[in-house]
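Position 1 is the first residue of the sequence, and the numbers go up from there.
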Amino acid sequence: MGAEHTREGKWRRISGGLIPVGIIGAYFATPSLRFCNPLLLLLGGVFLGFAAEAGFERLVGNVKTRLNAIQVWGFILLAACFLGAACREIFQREPRWDAKCAALQADMLNGRAAGSSAPGRGQATPSEAFQALGCRPQL
């Protein structure tokens with residue numbers, strides 16, 4: 001009983017539960033930040049971290065109560081809702097983003113039509129916009 005209440009036992013629970021989940025989540029969420037609301041990803045990640053911590057407590061800390069099971073599934077459900085909303089937003093925005101990037105790429109490769117004016121003051125050239133939007137070359 002004493003091992004999980006010591007400073008070392010608490011550190012093992014934190015390092016075994018939240019830290020790996022946070023690192024993995026941050027690694028895989030980074031590319032999708034430009035397509036969706038970062039707050040949705042943050043809240044989904046926070047609730048997923050809470051679910052991992054509660055699940056880790058249940059498995060390792062031998063806290064097998066009904067409240068703990070409700071916590072685990074509640075946090076998983078909340079994380080799924082927020083991450084599902086983020087994924088929906090990503091799937092809606094990505095085709096439009098790719099179309100915009102393809103138009104910028106075509107504008108850069110084909111050049112400006114004869115007689116068309118240069119970008120106005122404060123407006124970016126197509127190559128600057130392409131880089132600023134984080135576009136990748138389209139085939």
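- What you find for Asn37 and Glu89 is that their closest heavy atoms are N-OE2, 3.4 Å.
- The aromatic rings of Phe50 and Phe75 lie tilted to each other, with the angle between the two planes from 30° to 60°.
- Atom CG of Leu42 sits about 9.5 Å away from atom CZ of Phe82, to the nearest 0.5 Å.
- Note: Leu41 CG to Cys87 SG = 8.0 Å, rounded to the nearest 0.5 Å.
- No path of Ile, Leu, Val, Met, Phe, Trp and Tyr side chains, each step under 4.5 Å between heavy atoms, connects Val72 with Leu78, placing them in separate hydrophobic clusters.
- Considering every non-hydrogen atom in both Ala79 and Gly44, the closest pair reads CB-O, 3.5 Å.
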